[in-house]
Every structure is written in structure tokens, then in C-alpha cells.
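The block underneath contains the structure these notes are about, expressed in C-alpha cells.
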Amino acid sequence: MQTRWVDEDNQQVLNNAIYLTLLEEARLRYFRGLELMDGARFPFVLAQCNLRFLRPGCGGAEVVVAVRTTHLGSSSFSQSYRMGPQGEEPWAEAEALLVAWDNKARAKRPMTSAFRSAVARFEGLAESR
């Protein structure tokens, strides 16, 4: 991914909100790669995100965001992330809790078996409930 020069704040470091955008874009690419997306509609919502800044990022840089699903529950899952320029020390690490979501009911729901199976296969995770 690419940061933009306008993503820097007045201290000439990457604005903290941009990190969350990079995580969202990485999630989109991850789930599109698994063919689990209906257009750009996620079948889940972000419930929690913990972000640890390791060193200042900058605008106008190529950024790699590594994504790994670390846990699959019945209606939620966890992911971990590392981001920064390829071959350099990472700028940040993050962990996120995501919850399967029924938009009509405006409530959490169990993950579909297709979703769980695809993620479990890709990550080599057991499909325990």
C-alpha cells in the first residue's frame, strides 16, 4: 500500500488515524484474497483494536501490512498486524477483535461455515468453536 504525503501531521509523521485506514485496507485485501467479500461489504464489524506505535511512519511511502488471523470463535475472530516499509523496522503492530454481523438485525451472529472454513484452511487453524 502507499501512504500519501498529506497523511503526515504537523510534526511530519504519519497521522495516527492513517494506521487504522491501513489496517482496514489490509483486511479488505486479505478477505478478497480468500474470496469472502461481497463487493466491499465486510461480513463483520470491528469491535476492538489495540495499536502499538513502534516508530514514526511517514507520508509518501510504500507500506506492507502483514495480516494473520490468530483465533476463530463462533461469532468472533482475532487478527494481528505488522506494518511498515518492506525490509525495514515496522512502524506499528496491532491486534483486532472482529465480530460477525447481521446488518438487518443490527446484531452479532454466528460466522458462516464457509467463512470459518476458508480462514481456518488459509491460516492452518483448528475450527474449534
Side-chain angles (χ1 to χ4, degrees):
M1 289 181 258
Q2 180 80 34
T3 61
R4 304 168 307 159
W5 67 270
V6 298
D7 293 339
E8 291 184 356
D9 62 20
N10 62 2
Q11 295 178 332
Q12 296 181 315
V13 298
L14 198 64
N15 183 282
N16 61 5
I18 301 304
Y19 292 86
L20 293 172
T21 300
L22 290 169
L23 295 178
E24 191 80 2
E25 287 295 321
R27 274 192 290 277
L28 179 65
R29 291 176 186 198
Y30 177 95
F31 289 107
R32 275 189 176 157
L34 293 177
E35 298 180 357
L36 293 172
M37 295 293 294
D38 178 17
R41 293 184 182 178
F42 287 114
F44 52 80
V45 293
L46 178 65
Q48 180 178 340
C49 186
N50 299 314
L51 186 59
R52 184 173 35 259
F53 299 102
L54 303 173
R55 66 186 192 102
C58 61
E62 285 285 325
V63 179
V64 175
V65 181
V67 181
R68 175 143 173 75
T69 299
T70 56
H71 173 75
L72 280 171
S74 60
S75 63
S76 66
F77 61 99
S78 300
Q79 290 190 314
S80 64
Y81 311 85
R82 287 178 66 99
M83 68 179 82
Q86 181 75 37
E88 295 183 24
E89 291 292 317
W91 293 345
E93 297 174 333
E95 295 174 343
L97 174 64
L98 301 118
V99 177
W101 187 251
D102 180 331
N103 202 38
K104 281 187 180 179
R106 307 296 291 168
K108 73 177 188 174
R109 62 170 176 75
M111 277 185 258
T112 66
S113 59
F115 184 93
R116 285 181 53 78
S117 294
V119 174
R121 267 192 318 275
F122 180 74
E123 296 289 0
L125 295 171
E127 287 194 59
S128 63
R129 302 206 186 247

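Remember, it's a predicted structure, so these values are computed and weren't measured experimentally.
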Just to verify, what does Thr69 make a side chain to side chain donor-acceptor pair (under 3.5 Å) with, not counting sequence neighbours?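 Tyr30, Gln79.
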Examine [X] and [Y] and state if one hydrophobic cluster contains both, with Ile, Leu, Val, Met, Phe, Trp and Tyr joined whenever side-chain heavy atoms are less than 4.5 Å apart.
{"X": "Leu20", "Y": "Val67", "result": "yes"}
{"X": "Phe44", "Y": "Phe122", "result": "yes"}
{"X": "Leu97", "Y": "Met111", "result": "no"}
{"X": "Val13", "Y": "Leu23", "result": "no"}

Pairs satisfying side chain to side chain donor-acceptor pair (under 3.5 Å), at least one member in residues 54-65, at least two apart: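 Every side chain to side chain donor-acceptor pair (under 3.5 Å) pair that includes a residue of residues 54-65, provided the two are not neighbours, is Arg55-Glu88.
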Of the non-hydrogen atoms in [X] and [Y], which two are nearest, and what is the gap between them?
{"X": "Trp91", "Y": "Ala61", "answer": "CH2-CB, 3.8 Å"}
{"X": "Gly60", "Y": "Gln2", "answer": "C-NE2, 3.3 Å"}
{"X": "Ser80", "Y": "Thr70", "answer": "OG-CG2, 3.6 Å"}
{"X": "Ala40", "Y": "Leu28", "answer": "CA-CD1, 4.4 Å"}
{"X": "Asn103", "Y": "Arg106", "answer": "OD1-NH1, 2.5 Å"}
{"X": "Val63", "Y": "Met83", "answer": "CG1-CB, 4.3 Å"}

Among all residues two or more places apart in sequence or in another chain, which pass the side-chain contact (heavy atoms from CB on, under 4.5 Å) test with [X]?
{"X": "Asn16", "result": "Phe53"}
{"X": "Thr112", "result": "Arg109, Ala114, Phe115"}
{"X": "Thr21", "result": "none"}
{"X": "Ala96", "result": "Arg27, Leu46, Tyr81, Leu98"}

Quick test of your reading: applying salt bridge (Lys or Arg N to Asp or Glu O under 4.0 Å), list the pairs with at least one residue in residues 6-15, sequence neighbours left out, ordered by first then second residue.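 Residue pairs passing salt bridge (Lys or Arg N to Asp or Glu O under 4.0 Å), neighbours aside: Arg4-Asp7.
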Considering only Ile, Leu, Val, Met, Phe, Trp and Tyr, and joining two whenever side-chain heavy atoms are under 4.5 Å apart, list the other residues clustered with Val6.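 Trp5, which link up through side-chain heavy atoms under 4.5 Å apart, make up the rest of the cluster.
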Please write out which residues are connected to Trp101 in a hydrophobic cluster, directly or through intermediates, given that two of Ile, Leu, Val, Met, Phe, Trp, Tyr count as joined at side-chain heavy-atom separations below 4.5 angstrom.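 Members other than Trp101 - counting any ILVMFWY side chain reachable under 4.5 Å - are Val45, Val99.
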Met1 and Leu22: CA distance, side-chain angles, deciding distance, side-chain contact (heavy atoms from CB on, under 4.5 Å) verdict: CA-CA 8 Å; Met1 289 181 258; Leu22 290 169; 4.2 Å; yes
Among residues at least two apart in sequence or on other chains, which ones pass salt bridge (charged side-chain N to carboxylate O under 4.0 Å, His left out) with Arg29?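 Result, salt bridge (charged side-chain N to carboxylate O under 4.0 Å, His left out) vs Arg29: none returned.
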For Glu93, all residues meeting salt bridge (charged side-chain N to carboxylate O under 4.0 Å, His left out), sequence neighbours excluded: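 By the salt bridge (charged side-chain N to carboxylate O under 4.0 Å, His left out) rule, Glu93 matches Arg52, Arg82.
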Backbone of Pro110 reached by a side-chain donor or acceptor of Ser74 within 3.5 Å: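 No, the answer is negative, given that no donor and acceptor are paired below the 3.5 Å cut-off.
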Show, in sequence, the C-alpha distance, side-chain angles and deciding distance for Phe42 and Met37, and conclude whether the side-chain contact (heavy atoms from CB on, under 4.5 Å) test is met. CA-CA 6 Å; Phe42 287 114; Met37 295 293 294; 3.7 Å; yes
To the nearest 0.5 Å, what is the distance between OG on Ser117 and CG on Leu72?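 Rounded to the nearest 0.5 Å, the OG-CG separation comes out at 9.5 Å.
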Evaluate Leu14 against Cys58 for side-chain contact (heavy atoms from CB on, under 4.5 Å), listing each step before the verdict. CA-CA 5 Å; Leu14 198 64; Cys58 61; 5.8 Å; no
